[in-house]
2 protein chains.
Amino acid sequence: MNSHGGAPSRGKPATLRQVAELAGVSTATASKALNGRQQVSATTRQRVLDAADRLSFTPNSLAQAMLHGSSGTVGLLTHDLEGRFSIPILMGAEDAFGAGQTSVFLCDSREDAIRERHHIRALLGRRVDGLIVVGSQTNPRRSLGHDLPVPVVYVYAPSSDERDTSVIADNVAAGRLAVQHLVGIGRRRIAHIAGDPTYAAARDREAGIGAALADAGLTQVGPSRSGSWSEAWGRTGAHAVLEAGEPVDAIVCDSDQIARGALDLLRDRGVRVPGDIAVISFDNWGPFATGSRPQLTSIDFNFQQMGRRAAELIFAALAGEPAAGTQAIAPRLVIRGSTTVGA
Amino acid sequence: MNSHGGAPSRGKPATLRQVAELAGVSTATASKALNGRQQVSATTRQRVLDAADRLSFTPNSLAQAMLHGSSGTVGLLTHDLEGRFSIPILMGAEDAFGAGQTSVFLCDSREDAIRERHHIRALLGRRVDGLIVVGSQTNPRRSLGHDLPVPVVYVYAPSSDERDTSVIADNVAAGRLAVQHLVGIGRRRIAHIAGDPTYAAARDREAGIGAALADAGLTQVGPSRSGSWSEAWGRTGAHAVLEAGEPVDAIVCDSDQIARGALDLLRDRGVRVPGDIAVISFDNWGPFATGSRPQLTSIDFNFQQMGRRAAELIFAALAGEPAAGTQAIAPRLVIRGSTTVGA
DNA sequence: TAGGGTACCGAAAAGGGTTTCGGTCCTTTC
DNA sequence: GAAAGGACCGAAACCCTTTTCGGTACCCTA
């Protein structure tokens, strides 16, 4: 770690006192020298810097935190077992906080309320400056309450309490975006294989799809068929769409996994994609979207941006400008082979 | 947070001093009362507890850490963008540390050495008790060096320095396990579609497969065909296996994604799985392994257990019993429909 | 009633860093 | 030569909790 080696640095890390002693000054002077304050002569400063380097001195953030009043840490609470959302969101937050400035505690509550409370206690004990709560469903989740001493931002799954601050994916816009793309490439007979109808995500996407179809003067082919988020349902749903007999030239699938299932069945039936039927889906989950034949055009929900926004909202709240309510992050269309031949 | 509400708890969290003041005792007594020490009368203790509850008091772990000398935190360094490994490993570590006892800082270095150094500086500044370094490849990675003041454990990707402590997946055992299962269900003509040959994982699995075949007195059908970790390669590889002309009744695929590609092609060619050819793969990546038709029999590398072991090794090192060298975690066979009809 | 014992409580220091404020020493100017 | 000013440095307080150790008050016994 230290640039020009030779330091012992075994055992306990060096303290400012040791640096000061080695440099032959007081801790006050050493502190000022290291922090670029103006009360130190150039020669003294250099002596301190050399001493700090020799000892591989790293200021103890715990002590700094106690003085400054803020710890420079944030807690990220999740119960997302697969880590599908949490990692991108965490990376976005890291970006916004500035790497090295703020560190993030990641805790997985595993859908367990007791474990969650446990983690919150621990995080508050460590005096985190804020809390980011990531849900794995889009459904609103129970609020942590308002008696917490730090700002809380809910991400992906909004808080059921409107007075809280939430950042969510804009599923309605995503639904519109999907249909607009299909219409843009000339499709007119659009069907929809939905996910689990108990999820707000499924309902919102359906609403967006309906609105965009209406805007284009079109009517959806068949009902939105609800099922689960699985590939198996994608196969079943696509089967139902074909069996209904109505001609179809595009299918919107509520997730990449559903789309994979649908592609699978269409291939079995000899239906060409995108020639006969274009397929578009949501999530843009890397390996799923790019592993298929053809690759999936998909709507990306910009998780990283959601994390960034969450961090910004925590900053704002700390600065005394809380922003209650729910903010939606705009999704992004990623075009691949399942809707266009060229791509 | 506080059980019977009514507390203000806005602004800065309460301090022990405030609790003591409210209870009419000194901070020393308050501390003893809250920590169950024996130097306090029952009535005084109760008064302190009531005061603490009224103020939603949470002891400041930062101050405790400064006294105790250890922060009760651990840094987990990753550059695993998809979070495929990191989250299970983190959960395993949480388990071993005991939820609430130890909190984990998660940092993503994004394959960037500068960012990595940055994060390490920050973590050491926060006086983490240990460091867990998770690699996304199985290839050995550059050591962080030995001049760090805390124990370091490398997970998944071992350190290239033998004096470091590493926990890795046992890819050789995994290869053996796959073949043993196939042999156990009566397969004798086994082919292998390998992953990227620059990965140690691919080489080790190949070694394990070879060893188990030899043990069973069998010879592999065709060479191990190397490619990438993608579904596309799985299709290409399976095509090559069929085109080679030699009869085959089982294929080992180096990842679930490769297996998905292989399944895809076999289905195109009208080959029945597992009737004509059984397929087995590695990783047991949930949605990939269970989304296919049939579902994939796969070797699970027990990431969670790797995290647990890493935590234990850090504990041991802190207790003065460092365990240099590399430890391999035994994999686990998960049987599904791609090798057995019943399952 | 005095002495010893016990139970309980509080003052103080420690842990590492930052900041304020007072002090020292050197330089400059009249 | 003396006073004023400036540049630099250090003592001490502070953040919050824990722990040691000394002290007080009370009770019991002789």
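Reminder, nothing fancy here: chain letters follow the sequence lines and each chain counts from 1.
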Can you check whether A:Thr27 has a side-chain N or O nearer than 4.0 Å to OP1 or OP2 of C:dG17?
no
Rounded to whole Å, CD of B:Glu21 lies from P of D:dC16 at a distance of 13 Å
OP1, OP2 of C:dT18 versus side-chain N and O of A:Asn35: anything below 4.0 Å?
yes
Regarding the side chain of A:Val40, the nearest nucleotide among D:dC9, D:dT18, C:dT19 is D:dC9
Nearest-angstrom distance from the residue atom CG of B:Asn60 to C1' of D:dC14
14 Å
Want to settle it: does B:Arg37 or A:Leu67 sit nearer the 5' end of DNA chain D, counting the closest nucleotide to each?
A:Leu67
Can you measure B:His68 atom NE2 to D:dT18 atom P for me and round it to whole angstrom units?
11 Å
Nearest-nucleotide pick for A:Thr29, side chain only, options being D:dC16, D:dC9, C:dG17:
D:dC9
Hey, does B:Thr138 have a side-chain heavy atom less than 4.5 Å from the side chain of B:Tyr156?
yes
Using whole Å, what does the distance between atom P of nucleotide D:dT17 and atom NZ of B:Lys12 come to?
14 Å
In whole angstrom, give the distance that lies between atom CG of B:Leu34 and atom C1' of D:dT19.
15 Å
Output the rounded distance in Å from CD (B:Gln18) to P (D:dC15).
11 Å
Toward the 5' end of DNA chain D, by each residue's nearest nucleotide, A:Gln38 or A:Ala28:
A:Gln38
Classify the nucleic acid contact of B:Gln39 as base, sugar-phosphate or nothing, counting any heavy atom under 4.0 Å across all strands shown.
base
Is any side-chain nitrogen or oxygen of B:Arg17 closer than 4.0 Å to OP1 or OP2 of D:dT17?
no
For the residue pair B:Asp164 / B:Ser159, report whether a side-chain donor-acceptor contact shorter than 3.5 Å exists.
yes
Between C:dC9, D:dT17, C:dG15, which nucleotide gets closest to the side-chain atoms of A:Arg127?
D:dT17
Can you confirm whether more than 12 heavy atoms, excluding those of A:Gln64, are under 6.0 Å from its CD atom?
yes
Base C:dG10 to side chain B:Lys32, donor-acceptor N/O within 3.5 Å cut-off
yes
So, is A:Thr15 near the phosphate of C:dG15, with a side-chain N or O under 4.0 Å from OP1 or OP2?
no
Checking B:Arg126 side chain against B:Phe105 main chain: does a donor-acceptor pair fall under 3.5 Å?
no
From CZ of A:Arg126 across to P of D:dT17 the rounded distance in Å is 14 Å
Among D:dC9, D:dT17, C:dG17, the one nearest any side-chain atom of B:Leu16 is D:dT17
According to a strict under-4.0 Å criterion, is A:Ser31 in side-chain N/O contact with OP1 or OP2 of C:dG17?
no
Given side chains that start at C-beta, do those of B:Val133 and B:Val152 come closer than 4.5 Å, heavy atoms only?
yes
With DNA chain C as reference, determine whether B:Thr44 or A:Pro59 sits nearer its 5' end, using the nearest nucleotide of each.
B:Thr44
Report the residue (A:Gln64 or B:Met66) whose heavy-atom-nearest nucleotide on DNA chain C is the more 5′ of the two.
B:Met66
Side chains of B:Phe303 and B:Arg84 in contact at under 4.5 Å (non-hydrogen atoms)
yes
Separation of atom CG in B:Leu124 from atom C1' in C:dG16, rounded to whole Å
16 Å
